[in-house]
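Throughout, protein chains are lettered first and strands after them, A, B, ... in sequence-line order, and every chain is numbered starting at 1.
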There are 2 protein chains.
Amino acid sequence: MREVAAAAGVSLKTVSRVVNDEAGVRPDTAERVRAAIARLGFQRNDLARSLRGGGRTHSIGLVIKDVANPFYSQIARGVEDVAGAGGGLVISGSSDEDPERERRLIRSLCERRVDGLLVVPCGTGHGYLETELALGTPMVFLDRPGDLDVDTVLIDNVGGAREAVRHLVAHGHRRVAFLGDLPKIFTARERLRGYAEALEESGIAYDPAIVRMGQHDVAGAGHVMDELLAVPDPPSAVFTGNNLLTAGALRAIRAARARVALVGFDDFELADLLATPVTVVAHEPADMGRRAAEILARRIRGEGGPPARVLLPTRLIVRGSGELSGPGSGEFIGPEANELSGPVAGDPNGPGCP
Amino acid sequence: MREVAAAAGVSLKTVSRVVNDEAGVRPDTAERVRAAIARLGFQRNDLARSLRGGGRTHSIGLVIKDVANPFYSQIARGVEDVAGAGGGLVISGSSDEDPERERRLIRSLCERRVDGLLVVPCGTGHGYLETELALGTPMVFLDRPGDLDVDTVLIDNVGGAREAVRHLVAHGHRRVAFLGDLPKIFTARERLRGYAEALEESGIAYDPAIVRMGQHDVAGAGHVMDELLAVPDPPSAVFTGNNLLTAGALRAIRAARARVALVGFDDFELADLLATPVTVVAHEPADMGRRAAEILARRIRGEGGPPARVLLPTRLIVRGSGELSGPGSGEFIGPEANELSGPVAGDPNGPGCP
DNA sequence: CTGAAAGCGCTAACAT
DNA sequence: ATGTTAGCGCTTTCAG
């Protein structure tokens, strides 16, 4: 920049003004400066800029479980859109459900002085984050509440799960299995809760023999689905707790040529073209990312207020043209998006099973 | 940091040494410093660090078309893994095939002084990048070559497409349609080329009536597939140029209850469970991300040499258990991964159709 | 083993 | 409309 100033015969500050489109520079001077910038291939250094000017880096950190999972990559896209609209950039990282990685990532992001943090917290024990918060880095939790009282954007896990099971029951199923993720994961527990609630309201006994928590990938879900198909009184339907588990279960069902109705949490591409008809608890991951990023942007701007709690709706969609079509196919069932002010539903530290 | 130094009764430099785990600090002194750091909630500032120390930011920029597309999000994951292993972070952005957005993103990333750039270039006209290159930011192109002579990692588009069409021909199809993306996109042109080559070697005439370039999303692909099904002498098979087009075509075929064999470029989750049997030209997007990131890391470390050209293999996989199964189902067909040293195949500036 | 001084590239706050 | 001075938080260089 010094070189540019010299080349254009002006002071540093004038170059700075031109670079930042500030007012108060004569057009011809500005032109001379711009020429020098082009000639010398100058590029302003945002590091120095941020260091000096209040510390805004116009970047936010995003910590998710795995970018390669469509659910999270759609979230990332929503975040990116909001951040990008304000000229910001997103630095993202996958934690793979590992608290240690999560911690390292957050640490790195804070050291890099991101303006704010968007986190899908894995597990609990975010006490260490108090430091970052105290240091003034605002934070928003997505998809799951962390054990810190900050803004949180969730989807209606319990409601969505309830609708899913109600749907199956409405179609005559009395023996509905549940296939869930690790019990340490908030959404897995919530969905289990919705499942249990729907059974209860239908007067169907909760049978632990056909409730399997603890599967975390496609392969595991497949194995457990195989087991479920082999129990003495096998289920006529299954509710799967997320996109990965749905995939695993579907594959197992197909391989066994079993006739089992399935509703899965999370929508997925081409669900409508599967051989087996499937119903999904759909929601908008990108919207979740957008909402969270918007809240974060507000906090970064310094807007106060109590921690926001946003609960995004789900809707049951019957995909394909199979036997399960019926009430709810395509239309909106879940609650409208609404902002609550109370604590987030469910105790993230509670036990895994009812 | 000054405060920490004061609190621990040492100098700035000593604190710096402790923070960076440098040798030459007495254990008890280091302990005192660490205590002060913890008490004051100090966090080192990487902005200042990078500014002073040579400028390494330990971050790389990734510009892709759309994180929400599984193909690119898998690339992103691969990149993340390599960067993360070295303690680096990834700043990514979606260009949406818009050269202007691409340019802005790259500009932002360079101003933020990323150590290197990974770009899926949309279109051409990267002359402006000379500046960044001259400024010393290494760059690697992924998935498509840019019009700059830098390291490039591609998949074997022509070969994969050729195998796809050969597979269909081997199953008796003589009337094979092609559904491709915008002709301005390198991979779309290359896949068209492979399609044309396979037809030629089979002695089948290239019929423009059943070759449709220019579709860029699921809906568009669906419409064009409808048209293809309605031509006087409709195709008995179709080769679709990417995951989005495959989805659109499949949906249209199903809706029309048509009996059309399909091979799609890009593998996708649950392809094996579709009602219609599908064969895919599979490859490893995450691997592409990893390879590119590794090459970039080498450049960042300052290793020289001529621009690398990596061509990643594809393999034809018959998904599902449909009528199309036959040679190649599951086994490896494409060439092994190999490094070329000549120019990348195909002229990215060439015309869209043969 | 530890410390003092200089300065990375930029901008905020004052001059002029 | 333009320039000067100081300093963001750190590391590098050179001295103890």
Side-chain angles (χ1 to χ4, degrees), chain A residues 1-37 40-59 107-115 131-132 135-137, chain B residues 1-34 36-37 40-59 107-108 110-115 131-132 135-137:
Chain A
M1 183 147 136
R2 220 180 28 243
E3 291 175 37
V4 173
V10 297
S11 81
L12 269 177
K13 179 65 205 170
T14 301
V15 178
S16 172
R17 287 203 176 94
V18 172
V19 166
N20 297 301
D21 291 315
E22 276 175 50
V25 182
R26 270 213 325 259
D28 57 326
T29 313
E31 207 34 72
R32 223 160 5 111
V33 173
R34 257 185 282 272
I37 286 175
L40 275 62
F42 166 81
Q43 220 177 32
R44 102 186 147 185
N45 185 329
D46 269 346
L47 264 52
R49 223 170 115 72
S50 299
L51 188 57
R52 190 62 178 99
R56 282 282 93 83
T57 57
H58 301 284
S59 57
R107 176 107 191 272
S108 279
L109 291 166
C110 287
E111 288 180 347
R112 253 152 252 230
R113 294 293 186 269
V114 291
D115 295 340
T131 308
E132 337 296 25
L135 219 140
T137 308
Chain B
M1 183 145 137
R2 218 178 32 241
E3 291 175 38
V4 173
V10 296
S11 81
L12 269 177
K13 178 62 205 170
T14 302
V15 178
S16 172
R17 285 202 178 95
V18 171
V19 166
N20 297 302
D21 291 317
E22 276 176 49
V25 182
R26 270 214 323 260
D28 57 326
T29 313
E31 207 36 70
R32 222 161 5 110
V33 172
R34 258 186 282 273
I37 287 175
L40 275 64
F42 165 81
Q43 221 177 33
R44 102 185 147 185
N45 185 327
D46 268 346
L47 263 52
R49 222 170 116 72
S50 300
L51 188 57
R52 190 61 177 103
R56 283 281 94 83
T57 57
H58 301 285
S59 57
R107 177 109 190 272
S108 280
C110 288
E111 288 180 346
R112 252 152 254 228
R113 293 296 186 269
V114 290
D115 296 340
T131 308
E132 337 295 22
L135 219 140
T137 308

B:Ser11 side chain near C:dT2 phosphate (N/O to OP1/OP2, under 4.0 Å): no
Any A:Thr29 side-chain N or O less than 4.0 Å from OP1/OP2 of D:dT2: yes
Sugar-phosphate only, base, or nothing, as touched by B:Ser50 at under 4.0 Å among non-hydrogen atoms: nothing
Just the rounded figure in Å: distance from [atom2] of [N] to [atom1] of [X].
X: A:Glu31; N: D:dA1; atom1: CD; atom2: P; value: 16 Å
X: B:Glu3; N: D:dC10; atom1: CD; atom2: P; value: 11 Å
X: A:Gln43; N: C:dC10; atom1: CD; atom2: P; value: 10 Å
X: B:Asp28; N: C:dT2; atom1: CG; atom2: C1'; value: 13 Å
X: A:Leu51; N: C:dA12; atom1: CG; atom2: C1'; value: 13 Å
X: B:Asn45; N: C:dC8; atom1: CG; atom2: P; value: 18 Å
X: B:Leu47; N: C:dG7; atom1: CG; atom2: P; value: 22 Å
X: A:Arg32; N: D:dT2; atom1: CZ; atom2: C1'; value: 11 Å

Sugar-phosphate or base contact per nucleotide [nucleotides 11-16 of chain D; S, B, -; heavy atom under 4.0 Å]: BB----
Residue mapping more 5' on DNA chain C - nearest nucleotide basis, B:Arg113 or B:Ala23: B:Ala23
Most 5' of B:Thr14 and A:Arg2 on DNA chain C, judged by nearest nucleotide: B:Thr14
Interatomic spacing from CZ in A:Arg32 to OG1 in A:Thr14 - rounded to 0.5 Å: 9.0 Å
Could you tell me whether the side chain of [Y] reaches within less than 4.5 Å of the side chain of [X], counting heavy atoms only?
X: B:Thr29; Y: B:Val18; result: no
X: B:Arg44; Y: B:Asn20; result: yes
X: A:Leu12; Y: A:Met1; result: yes
X: B:Val10; Y: B:Val15; result: yes

Audit row: A:Lys13, A:Glu22, side chain to side chain contact (heavy atoms under 4.5 Å, CB included) steps and yes/no: CA-CA 11 Å; A:Lys13 179 65 205 170; A:Glu22 276 175 50; 4.2 Å; yes
Sidechain-backbone polar pair: B:Arg112 side chain, A:His58 backbone, donor-acceptor under 3.5 Å: yes
